[in-house]
2 protein chains.
Amino acid sequence: MTAVWQCQGVKSPAAPSGAVRQGNLRELNLALVLGRIAAARRPPSRAALAADTGLTRATVSAVVEDLVSGRLVTEADPTPRAGAGRPARGLVLADDGPAGLGLEINVDYLAACVIDLAGQVRHHTVHRVDLRPVSPADALSRLAGLAGRARADAEARGLTLVGAALGVPGLVDDAGRVRLAPNLGWRDVPVPALLAGHPPLTERVAGVPSLVVDNEANLAALGELHAGAAPGSFLHISGEVGIGAGIVLDGALFRGTRGWSGEIGHIPVRPDGPTCRCGGRGCLELYAGQEAILSAAGLVGADLPADRASTRLTELAAAEHPAVLRALTEAGTAIGVTVASVVNLLDLDTVVLGGGYAPLTGWLRPPVLAEIERRVLTAAWSPVTVRPATLGATAAAVGAAGSVVRRIIARPGGWLARL
Amino acid sequence: MTAVWQCQGVKSPAAPSGAVRQGNLRELNLALVLGRIAAARRPPSRAALAADTGLTRATVSAVVEDLVSGRLVTEADPTPRAGAGRPARGLVLADDGPAGLGLEINVDYLAACVIDLAGQVRHHTVHRVDLRPVSPADALSRLAGLAGRARADAEARGLTLVGAALGVPGLVDDAGRVRLAPNLGWRDVPVPALLAGHPPLTERVAGVPSLVVDNEANLAALGELHAGAAPGSFLHISGEVGIGAGIVLDGALFRGTRGWSGEIGHIPVRPDGPTCRCGGRGCLELYAGQEAILSAAGLVGADLPADRASTRLTELAAAEHPAVLRALTEAGTAIGVTVASVVNLLDLDTVVLGGGYAPLTGWLRPPVLAEIERRVLTAAWSPVTVRPATLGATAAAVGAAGSVVRRIIARPGGWLARL
DNA sequence: GTCATTTAATTCAACCACTGAACAAATTGC
DNA sequence: GCAATTTGTTCAGTGGTTGAATTAAATGAC
């Protein structure tokens, strides 16, 4: 592995020129076939892939041979099938080839996980620590320690890490610099520079930059997308200390002009409401942020660590604690007003409640739906589904690792050329 | 021309399977080269296209030959260039090949226009008539008359109409049915069926369905996109009797799950405000719709026809009429609150004020910018530009015609195979 | 005015990847 | 055991791109 140091933000590394040259032709079909294998519910045969993609069986065979010899695909046990005919050999994504490293820095924990090409979590560590009093350099140093152990573990399992993605609760620019992470107390933190001395995160494998820094809400949304249950377009709302959102449109994360989309926490709910620390007035965060809910529920000063607060809320809600139920209804109403705006604007049919909201979905959903019903022009014809996220609390780390392997699936050429 | 009748809504006709077969290869490169010619600011040479696309000059020459013989591209007068060397032959889009027919039905006018491949408006008719008392069937019949004359005119100029797009101020479903057009008083109008007897709109040319029905705000945004001044992503707000928006993301219109995106007029500005006729409360339309502005300016009951209202407002604003200035500031503030939500959500850097708002931009921009400044989390690092639309009042018709020719540019194979 | 230089565009043999048909392989069912 | 069926591979053929050589058409120096 060449030790070319590179680290960057969310912009795609090499802008695809769009030219279809002869060489690209094979690459496109490699990606096409690999993508279908990844998307299939059960291991497809070469013949099924040919029928699915429109390519001939001969071409599919050739493409699959490349994929198998490149350790991206393996043949599964023959899938039993009814009727006559030679039995098909099922194709599945390899579980001993490239893998992705997902990292997360949040207010009260660090996390690292490794996901193989098939999407299985092969390693997962969470290190609970309050990072607010810790300097960014120190926090990243500890994270690099976690990453090193994750890498060693992955390699012991025969996996090859091809890159890492790091989620942070804040705004990240093109260069991987954290411009602002209010709840972490970070401002203008040059993550790439601070990680320069940590080899596990600064190598370049198969042409892929070793580390991409991204917003945790974006990565959590990607995780939910690849977890499969979500459709092509949805809004994923992460309710943590702040409120972030990831917007998935037609199967791809929409990042906006500068990568700062999804700042749903500062959408005005009551334009004349109280002043928010962002400078605006009546932001959603003031009505549905963790502090707002705790305060409305009369739990302020209970001195709960951030990760306990959500659990405690769920317990009290389950016990039908009146103030908590009221607080959740209020928060749900505020979320509903905001979601109504989003649905009017983007015509999405699915809203996923993630992060701290996920376990509270049962109580948040009714007021959210009520506001949608009332305020969305097209609500009568197009129902909106509100459902909890399927990934747990560390969805961002899982999504981060998933984004790395997805990059291999979307563009296998780089990995295959590495050999 | 075969007289296969087909008419549809906004869904793309043939879902591209994504397979890159050998035949598709040429088609993709035809589209690539043609797209670059269309996007270029000055006529590019074959050599420049080769450098631009990454294809070899030999391939570009072959592709260009196909395009020229298919009447999609013509050679322009050689562009003068400094320095030595054989002079380049510039390539431009043909102005005598395929063309698009754009149609619009609005509250108080019908419009038809023809645009050639190069984007030039070659025919334009506006027929002023209050359509509220007219039945949908009658309105469409009159529109078909306009379309027939436009077609005859276009053919007299040597153009071949390859399709038409129709903009209506309402929600359109996949089948081209107008589900709801409140200001027109339409509900569940089956446009395709009502046009069945009008040949100019029901033929199928070069495999393209002859008529696509779409929301006028969407088409106006597309028009603005192709007019060139706008960047890849922007929000286009059409201020007519209602308020609609077209959302352009990465150079493509974003339509949402069902094609009903952009209903910005019913985004709640004050969730506890007065009830809107949509059933919601405090919708933007109640603060920045045409009626709201006129009423706030004390011009209600002046019995102005809809098309005069905007002009009158501009005159009075220019004369610094105090009530009008106050009304525009209020409207601008409401728009600003909404736009702040959109920018927080999507991180767009450009907002285009279109329709009736365009001439009022001078007065609307300051309050809009003030709200953005105050409420957008990233405003400090990323300025948002608010500018008037460059197309006039009939942007939707122009955008509609443009969408037809753009389809040819994006997929020239169909047109070329027709020969 | 001639000629080297420079850039544009075309020609052509080579090659790459896909195509389609024929064939081999592996199973079911009668 | 044999026909039927489906999977997967082999192989000559072909379409389209490639890259180098060639032709074309200008500028600029001497």
Side-chain angles (χ1 to χ4, degrees), chain A residues 17-33 37 40 42-69 73-91 412-413 416-417, chain B residues 17-33 37 40 42-69 73-91 412-413 416-417:
Chain A
S17 82
V20 188
R21 307 184 47 148
Q22 195 118 33
N24 300 26
L25 186 56
R26 189 50 170 278
E27 197 169 330
L28 286 169
N29 283 331
L30 285 166
L32 177 68
V33 170
I37 293 174
R42 64 191 65 221
S45 66
R46 291 166 175 78
L49 286 168
D52 189 21
T53 59
L55 298 167
T56 61
R57 284 182 317 209
T59 304
V60 170
S61 277
V63 166
V64 166
E65 195 186 324
D66 280 5
L67 294 174
V68 169
S69 72
V73 164
T74 50
E75 293 197 338
D77 288 341
T79 316
R81 177 180 44 77
R86 170 176 167 174
R89 276 184 287 175
L91 298 167
L416 294 175
Chain B
S17 81
V20 189
R21 307 185 47 150
Q22 193 117 29
N24 301 27
L25 188 56
R26 190 50 170 278
E27 197 169 330
L28 287 168
N29 282 331
L30 285 166
L32 176 67
V33 170
I37 294 173
R42 64 191 64 222
S45 65
R46 291 166 176 77
L49 286 168
D52 189 21
T53 59
L55 298 167
T56 61
R57 284 176 308 189
T59 304
V60 171
S61 278
V63 167
V64 166
E65 195 185 325
D66 280 6
L67 293 173
V68 169
S69 72
V73 164
T74 50
E75 293 197 337
D77 289 341
T79 316
R81 177 180 42 76
R86 170 176 168 175
R89 276 184 289 173
L91 298 167
L416 294 175

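Each chain gets a letter, A, B and so on, in the order its sequence line appears, and its residues count up from 1.
A:Ser61 has a side-chain polar atom (N or O) that falls below the 4.0 Å cut-off from OP1 or OP2 of D:dT9. Taking only side-chain nitrogens and oxygens, A:Thr59 comes nearer than 4.0 Å to OP1 or OP2 of C:dT19. For the pair A:Ser45 and D:dG8, the criterion of a side-chain N or O lying under 4.0 Å from OP1 or OP2 is met. Under 4.0 angstrom from either OP1 or OP2 of D:dG16 there lies no side-chain N or O belonging to B:Asn29.
For B:Leu25 and C:dC15, the CG to C1' distance is 14 Å, given to the nearest whole Å. Between the P atom of C:dA8 and the CG atom of B:Leu91 lies a distance of 12 Å, rounded to the nearest Å. At whole-Å resolution of the value, CD in A:Glu65 and P in D:dT7 are 19 Å apart. Atom P of nucleotide D:dT9 and atom CD of A:Glu75 are separated by 8 Å, given to the nearest angstrom. In this structure, the CG atom of A:Leu30 is 13 Å from the C1' atom of C:dC18, given to the nearest Å. Atom CG of B:Leu32 is separated from atom P of D:dG16 by 16 Å (rounded to the nearest Å). Distance CG (B:Asp52) to P (C:dA8): 14 Å, rounded to an integer number of Å. One atom, CG of B:Asp66, and another, P of D:dG16, lie 8 Å apart when rounded to the nearest Å.
Interatomic distance, A:Ile37 CD1 to A:Leu91 CG, rounded to the nearest 0.5 Å: 5.0 Å. The line from CG of B:Leu28 to CG of A:Leu28 is 8.0 Å long, rounded to the nearest 0.5 Å.
Counting only heavy atoms from C-beta on, B:Thr56 has its side chain closest to D:dG19 among C:dT10, D:dG19, D:dT10. For B:Ala88, whose side chain is taken as the heavy atoms from C-beta onward, the closest listed nucleotide among C:dT28, C:dA9, D:dG8 is C:dA9. Here the nucleotide nearest the side chain of A:Ala84, chosen from C:dA9, D:dT5, C:dT19, is D:dT5. Comparing D:dG8, C:dC18, D:dT5 by their closest approach to the side chain of A:Arg26 singles out C:dC18. Here the nucleotide nearest the side chain of A:Pro87, chosen from C:dA26, C:dT19, D:dG16, is C:dA26.
By the 4.5 Å heavy-atom criterion applied to side chains, A:Leu55 and A:Val33 are counted as neighbours.
A side chain to side chain contact (heavy atoms under 4.5 Å, CB included) with B:Val60 is found for one member of B:Val63, B:Thr56, B:Val64 and no other, namely B:Val64.
Taking all atoms of both residues into account, the shortest heavy-atom contact from A:Arg57 to A:Ala50 is CG-CB, 3.6 Å.
Using a 4.0 Å heavy-atom distance criterion, B:Ala47 is classed as a sugar-phosphate-only contact.
Toward the 5' end of DNA chain C, the nearer of the two residues A:Val63 and A:Gly85, judged by each one's closest nucleotide, is A:Val63. Summary of the strand contacts: B:Ala62 and B:Arg57 both lie near DNA chain D, and taking for each the nucleotide with the nearest heavy atom, the more 5' one is attributed to B:Ala62.
Judged by distance alone with a 3.5 Å cut-off, no donor-acceptor contact links the side chain of B:Arg86 to the base of C:dT7.
Of the charged side-chain nitrogens involved, none lies within less than 4.0 Å of a carboxylate oxygen, so that B:Glu65 and B:Arg46 do not count as a salt-bridged pair.
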